[in-house]
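Letters go in sequence order (proteins before strands), and every chain restarts at 1.
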2 protein chains.
Amino acid sequence: MAVTLADVAVRAGVSAATVSRVLNGNYPVAGATRNRVLQAVEELEYVVNGPASALAAATSDLVGVLVNDIADPFFGIMASAVQSEIGEPVADRPGPKLAVVCNTGGSPERELTFLTLLQRQRAASVVLTGGALEDQSHRAALIGRLGRLEAAGARVVLCGRPPLTDTDFPAVTFDNRAGARQLTEHLLGLGHRRIGYLAGPQARTTTRHRLEGHRAALTAAGLGGDASRLTVRGSYDRSAGYYGALELLDREPGLTAIAAANDTVALGACAALRERGVRIPEDVSVTGFDDLPFAVDATPALTTVRLPLHEAGVHAGRLALGRDEAPEGGVLVCPGELRVRGSTAPPRDA
Amino acid sequence: MAVTLADVAVRAGVSAATVSRVLNGNYPVAGATRNRVLQAVEELEYVVNGPASALAAATSDLVGVLVNDIADPFFGIMASAVQSEIGEPVADRPGPKLAVVCNTGGSPERELTFLTLLQRQRAASVVLTGGALEDQSHRAALIGRLGRLEAAGARVVLCGRPPLTDTDFPAVTFDNRAGARQLTEHLLGLGHRRIGYLAGPQARTTTRHRLEGHRAALTAAGLGGDASRLTVRGSYDRSAGYYGALELLDREPGLTAIAAANDTVALGACAALRERGVRIPEDVSVTGFDDLPFAVDATPALTTVRLPLHEAGVHAGRLALGRDEAPEGGVLVCPGELRVRGSTAPPRDA
DNA sequence: TTGAAAGCGATACCAA
DNA sequence: TTGGTATCGCTTTCAA
């Protein structure tokens, strides 16, 4: 049988209550007693029984992090940002928390299922990252689930998706519209006129907002007419960028630039262009939306809209821990900031 | 207060024991009773209390997956393979397990710490993925931790690292030596004679085995003399590939090929070369070790040694679940398989 | 086939 | 500053 708190108590010659107090450090204990307890813990190699303590305290030290695609470095960075934030020992609360990374794969059902699983584990908090599905019935189901989670004592934080109306869960969001607009404006400023756009999957907040920003820029430049012909939709992965770029070249051989809804897609597009013998950035410029270390040096011509993702993850982590006040109106917007990296070539016919 | 098993029992007009039996499905219950219980569960929106059940049953349905770098798609793929193997999450049945992805960042201390946290959660099993540190004292500490985990009832599986001598934890491994050797032999077969090598971090099993394979190929070709001059060490990330490639070009301007210890490093190398105006694959060929969807179309000239990663994850998942017999001697080797993708150009002076 | 009741291991309240 | 002890919600014999 495993060593229990009672064993430690006997060894240290104190009561179970005292051991618990020492371990949780949230109650005054005499120095000498304290040392004896710690020594007993050491000698017996005692490891707290998480479930038992979660049962008694009615909360665990698990933090759920829902991601759309765990193989995408974007989410990897978010997850580790949250983990490093919650992993540090905190003054007011005992015990480092453990992040449970749940990969929904973008599936709404799995999103709901994971939330139930996390509720079952009595997760201390839950961070939902990445774009949300724009679907009324899913939205309703989601709100129901999150409401029950909150009622069960969990803290809910949205990170990278807009706040849920009719709820007041704190949200850390990006200004996707403005960012995408800046991105396209930048290309326009360089003289590009035939710009393809690789959009994300249907009915996602990020997809829509970024596309809106892109179109707004085009329209302002009097190029709104071509917009829909030069937009290809796909998922947020590399293959979408690959096939999307080929499709764009097909539709418009005179293309001089491609803007992608995220960096992973942009990399796929670069691959397709290279395979076709198209030079980057001399024949076509490719730009992606995120700003991952991942993408930084992969495509030297990449123009990125800087979104402090890591920082956002930390914010979400703090909110999940309850260390920050929820921001004004429950929403914290991480502003976009344009950053041009390497050379972004002018269009061929400029 | 949250809905409990007792509430469901009252509602269904049965005892708590019966509800438990219905929910766990591991005991005969009359059909009618069963239905009444399930209906009550539905009506009350009952969610099992994981900690309570883990306490009573002395085991949880958490499976820990330790990874070296969660932002590396390699580990993302491993993690999701394990997750999908241990069970498509289903809310109403306690069967499916939940993967807890722990990012060690390659730090030995964090590795140990996470293992303690997982033991505390009474994890049903633990999968350690990726190369292991070659350090006696860490190895001893690790064996101690894993032994205690096992004693506490957890199943331990190694995936992508060699078996631990003096223990009998099942292991799923890759033939890193043979794979790396094949990779370099392939380059040699194409006529390359000045081949740079981007090795991984010090004291890692994968680093050493792959380097040995590479050197064996060079030595067999009578090129062992240049090996150490043309080897640069770094971490397993993109920037290591970036700076490593620049360093290699510096040391040997006449370089015609670069082999990298993994795909992420290879991509970094490609970036550096492009930035320097070196053509890939015309001036220099770059090859990476893994075979990730991630890398597949990123570098068309990439020569890869195919390692069935997903399959390895599945194996690890099965072993973690106890669904497979532990393989002979506790070790399952996933053989390497050479696969050439795209064109790998001949050396300039060939 | 079902119910009653004894734990599982830690927490926190109430005394001392 | 400490100890005793009643929970917490579920699982699992043991009886019925």
Side-chain angles (χ1 to χ4, degrees), chain A residues 1-38 40-41 44-62 93-95 119-124 152-153, chain B residues 1-38 40-41 44-62 92-95 119-122 124 152-153:
Chain A
M1 223 40 215
V3 179
T4 73
L5 214 176
D7 298 329
V8 175
V10 170
R11 174 94 173 201
V14 299
S15 75
T18 299
V19 176
S20 173
R21 286 173 190 135
V22 170
L23 260 31
N24 290 304
N26 50 6
Y27 215 82
V29 174
T33 318
R34 179 193 177 67
N35 288 336
R36 256 184 306 141
V37 169
L38 290 178
V41 165
L44 296 176
E45 291 180 330
Y46 171 66
V47 175
V48 181
N49 183 317
S53 124
L55 172 58
T59 179
S60 75
D61 39 35
L62 257 30
R93 288 259 167 171
Q119 180 178 347
R120 170 152 116 192
Q121 299 298 335
R122 296 301 185 260
Chain B
M1 224 41 217
V3 179
T4 72
L5 216 179
D7 298 329
V8 176
V10 170
R11 175 92 172 202
V14 298
S15 75
T18 299
V19 177
S20 172
R21 286 171 189 140
V22 169
L23 259 31
N24 290 304
N26 49 8
Y27 214 83
V29 174
T33 318
R34 178 192 177 69
N35 289 337
R36 257 184 304 142
V37 170
L38 290 179
V41 165
L44 298 175
E45 291 180 332
Y46 171 66
V47 174
V48 180
N49 183 317
S53 121
L55 172 57
T59 181
S60 75
D61 39 35
L62 257 30
D92 43 321
R93 275 196 319 209
Q119 180 177 347
R120 169 151 118 190
Q121 300 299 334
R122 296 301 183 260

Participant: Do any pairs count as a salt bridge (Lys or Arg N to Asp or Glu O under 4.0 Å) and have a residue in residues 14-36 of chain B, sequence neighbours left out, and if so which ones?
Facilitator: none
Participant: Tell me: CZ of A/Arg120 to P of D/dG9, nearest whole Å?
Facilitator: 17 Å
Participant: In terms of the nearest nucleotide of DNA chain C, which residue is placed more toward the 5' end: A/Thr18 or B/Arg34?
Facilitator: B/Arg34
Participant: What's B/Val19 touching, base or sugar-phosphate or nothing? Going by heavy atoms closer than 4.0 Å.
Facilitator: nothing
Participant: Starting at atom CG of B/Asp61, determine the distance to atom P of D/dT11, rounded to an integer number of angstrom.
Facilitator: 11 Å
Participant: Report the distance from atom CZ of A/Arg122 to atom P of C/dT11, rounded to the nearest whole Å.
Facilitator: 17 Å
Participant: Of all residues at least two apart in sequence or in a different chain, which pass the side-chain hydrogen bond (donor to acceptor under 3.5 Å, both in side chains) check with B/Ser20?
Facilitator: B/Asn24
Participant: If you compare every side-chain N and O of A/Ser20 against the phosphate oxygens of C/dT11 (OP1, OP2), does one of them come in below 4.0 Å?
Facilitator: yes
Participant: Out of curiosity, B/Thr33 OG1 to B/Leu38 CG, how far, rounded to the nearest 0.5 Å?
Facilitator: 10.5 Å
Participant: Do side-chain atoms of B/Asp7 reach the backbone of B/Thr4 as a donor and acceptor pair under 3.5 angstrom?
Facilitator: yes
Participant: In whole Å, I'd like the distance from the CG atom of A/Leu23 to the C1' atom of C/dG9.
Facilitator: 13 Å
Participant: Is B/Ser53 near enough to D/dC10 that one of its side-chain N or O atoms lies under 4.0 angstrom from OP1 or OP2?
Facilitator: no
Participant: Ignoring hydrogens, what is the shortest heavy-atom contact between B/Arg122 and A/Val48? Give both atom names and the distance.
Facilitator: NH1-O, 3.7 Å
Participant: For the pair made of CG in A/Asn49 and P in D/dC8, what is the distance, rounded to whole Å?
Facilitator: 18 Å
Participant: Taking side chain to side chain donor-acceptor pair (under 3.5 Å) as the cut-off, I'd like each qualifying pair that reaches into residues 45-58 of chain A, sequence neighbours left out, listed once.
Facilitator: A/Glu45-B/Arg148
Participant: Is there a side-chain contact between A/Val3 and A/Val47 in this structure, where contact means two heavy atoms from C-beta onward sitting under 4.5 Å apart?
Facilitator: no
Participant: If you check every side-chain atom of A/Ala30, which of C/dT1, D/dT2, C/dA10 has the closest atom?
Facilitator: D/dT2
Participant: Under the salt bridge (Lys or Arg N to Asp or Glu O under 4.0 Å) rule, what pairs show up with a residue in residues 10-20 of chain A, not counting sequence neighbours?
Facilitator: A/Arg11-A/Glu43
Participant: Give a yes/no answer on whether the side chain of A/Asn24 brings an N or O atom under 4.0 Å of OP1 or OP2 in C/dT11.
Facilitator: yes
Participant: Please write out each protein N/O paired with an N/O of nucleotides 13-16 of chain C under 3.5 Å, distance rounded to 0.1 Å.
Facilitator:
residue, atom, partner, partner atom, Å
C/dC13, N4, A/Arg21, NH2, 3.0

Participant: For the helix from C/dT1-D/dA16 to C/dA16-D/dT1, what is the angle between the axes at its two ends, each from 5 pairs, rounded to 10°?
Facilitator: 30°
Participant: For the side chain of A/Ala56, counting heavy atoms from C-beta on, which of C/dA10, D/dT2, D/dG9 is nearest?
Facilitator: C/dA10
Participant: Would you check if the side chain of B/Ser60 reaches a backbone N or O of B/Gln121 as a donor-acceptor pair within less than 3.5 Å?
Facilitator: yes
Participant: Taking all non-hydrogen atoms of both residues, which atom of B/Val37 and which atom of B/Ala12 are closest, and how far apart?
Facilitator: CA-CB, 3.9 Å
Participant: When the distance from CG of B/Leu55 to P of D/dT12 is rounded to whole Å, what number comes out?
Facilitator: 12 Å
Participant: Send over the distance from B/Arg36 CZ to C/dT1 P, rounded to a whole Å.
Facilitator: 14 Å
Participant: Pick the nucleotide of DNA chain C nearest each of B/Val29 and A/Leu5; which residue has the one closer to the 5' end?
Facilitator: B/Val29
